[in-house]
Amino acid sequence: MNKKFEEIVSLCKRRGFVYPTSEIYGGIASSYDYGPLGVQLLKNIKDLWWKEFIEKRADMVGIDSQIILHPKTWEASGHVGGFDELVVEDIVTNKRYRVDHLIENFIEKHKGFQELVVEDLTREEMAKFIVENKLKSPDGNTFSQPKKFDLLMRTSIGVLEGGKDDVYLRGETAQGIFSNFKNILDSTRVVLPFGVGQIGKSFRNEVTLGQFVFRTFEFEQAEIEYFFDPEKSNWEELLNAWKENMKNFVVNTLGVNEENTRWRKHTDKERSHYSKETFDLDYKFPFGWKELWGVAYRTNYDLNQHIKYSGAKLQYTDPYTSEKIVPHVIEPAVGVNRMFFMVLDNAYTVEETRVVLKLSPKLAPYKIAVFPLVSNKEEITKKAKQVFELLSDKYNTYWDDRGNIGKRYKYQDEIGTPYCITIDYDTLETGEVTVRDRDTMLQKKILIKNLDSYCKEQLM
Ligand code: ATP
């Protein structure tokens, strides 16, 4: 772990963004709980995504499907038998490693492999690479023969003993959109091109561990299927428009430094056989450039597969010409927890005297903190409570009357609160409070009666 990565993980725990799951029992690998600050930051990210891609657009609708879908869904989608990774086991510790990740690490550290693109290697070539280059595990041991490792998580449902059905926890949210395609057509007035979005939990039996919330067994995805008629809309134009939307969301809505983002086009060998074009929007995470958000032109492969496996008529009928087609899709799919990690990494700033999270006000878990200068003066507490009530109706506001003001500022800086407001003896006489700006640390006197409009101007 590099220093910044370690510091972010530590701040997350210290200030209540992220805790290791079941810590009192020794924890579970790659599982994290979100604390009081983390849950609010995650919610803010999801709300911004929903607003931008569902609410603000006339051509988009949202759904919320189940985590457990009919198991045939996953046969149709190709996940059963085809959603796996090539892994090797350390023959002493039995720890598993993803072969592509081992090769990626190896070529980063050794000269002479600059030309090699791991994504282009077949599974046989990857297996050969491990043997020929004598790759060792991080514990210095040799590996077992490579084998396939299923990423889909299985469970069973049913109340009768012996009468349980095997099912899967969804490996992506997208399939719940495809399986509801007909319901959406029948119950709404959508016309092509239109999109369906969903935010929800997905599950994968991941092999590579130790990347904090970047890669976990249980995570949240925000996925869109944008349906269109390839005879009437140009897929390249639609794909480019979605690429622009994604970048715009990351840079302008989430306020992430554009220099730490890049596009990576999937190579022909790497791309799924049904996809005509795939791009990843990568972010420079503390452990290197990694996929944040993928966008793929998936043709009408998924709908056709569901037609084949379910027998349902998943066609779209043109309301003007009555022509029937099976629409094609562009799929932008992002992990909410990866966005969460990205915005923290982007905001984390170490200054001479403090650590400060320079989160955009839209993202900050708390927008304002209200401090009575002292906690033992009834008039001051009363006035501060009035200010808190005035603001907390509109903005998520933190109340803190503990300890000295310096410590209270330090805490709010570390959790990214844009403004701190202090009520003191002067306030009782003049009606003015002290407003301190997180980024500049400058303080200003503002009349209580002007606070609402001041905050609106600064925070909206
Ligand atoms: P990776 O190559 O990093 O495993 P992927 O290409 O398998 O990712 P997709 O199947 O395209 O990922 O899923 C869409 C998005 O879901 C990804 O861009 C990523 O942001 C998120 N995601 C996928 N797997 C995980 C995970 N295990 N933990 C957190 N987020 C994930």
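For the numbers below, each heavy atom of this structure counts, side chains included, while hydrogens, waters and symmetry mates do not. Ligands are counted one by one from 1 in listed order, and the atoms in each one are counted from 1 as well.
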Main-chain N/O of Tyr297 paired to Glu331 side chain as donor or acceptor, under 3.5 Å: no
Atom of Lys95, atom of Asp139 and distance for their closest heavy-atom approach: NZ-OD2, 3.4 Å
I'd like to know whether the aromatic ring centres of [X] and [Y] sit less than 6.0 Å apart in this structure.
X: Phe113; Y: Phe106; answer: yes
X: Tyr34; Y: Phe17; answer: no
X: Phe285; Y: Tyr283; answer: yes
X: Tyr316; Y: Phe227; answer: no

Could you give the N/O to N/O pairs under 3.5 Å linking ligand 1 and the protein, each with its distance?
residue, atom, partner, partner atom, Å
ligand 1, 3 (O), Arg215, NH2, 3.2
ligand 1, 3 (O), Arg338, NH1, 3.0
ligand 1, 3 (O), Arg338, NH2, 3.1
ligand 1, 4 (O), Arg215, NH1, 2.7
ligand 1, 6 (O), Glu291, OE1, 3.1
ligand 1, 7 (O), Arg204, NH1, 3.0
ligand 1, 10 (O), Arg204, NH1, 3.2
ligand 1, 10 (O), Arg204, NH2, 2.9
ligand 1, 11 (O), Glu291, OE2, 3.4
ligand 1, 13 (O), Gln221, NE2, 3.3
ligand 1, 16 (O), Gln221, NE2, 3.2
ligand 1, 18 (O), Glu291, OE2, 2.6
ligand 1, 18 (O), Leu292, O, 3.2
ligand 1, 20 (O), Leu292, O, 2.8
ligand 1, 20 (O), Gly335, N, 2.8
ligand 1, 24 (N), Arg204, NH1, 3.4
ligand 1, 27 (N), Glu206, OE2, 2.8
ligand 1, 27 (N), Thr216, O, 2.9
ligand 1, 28 (N), Phe214, O, 3.4
ligand 1, 28 (N), Thr216, N, 3.1

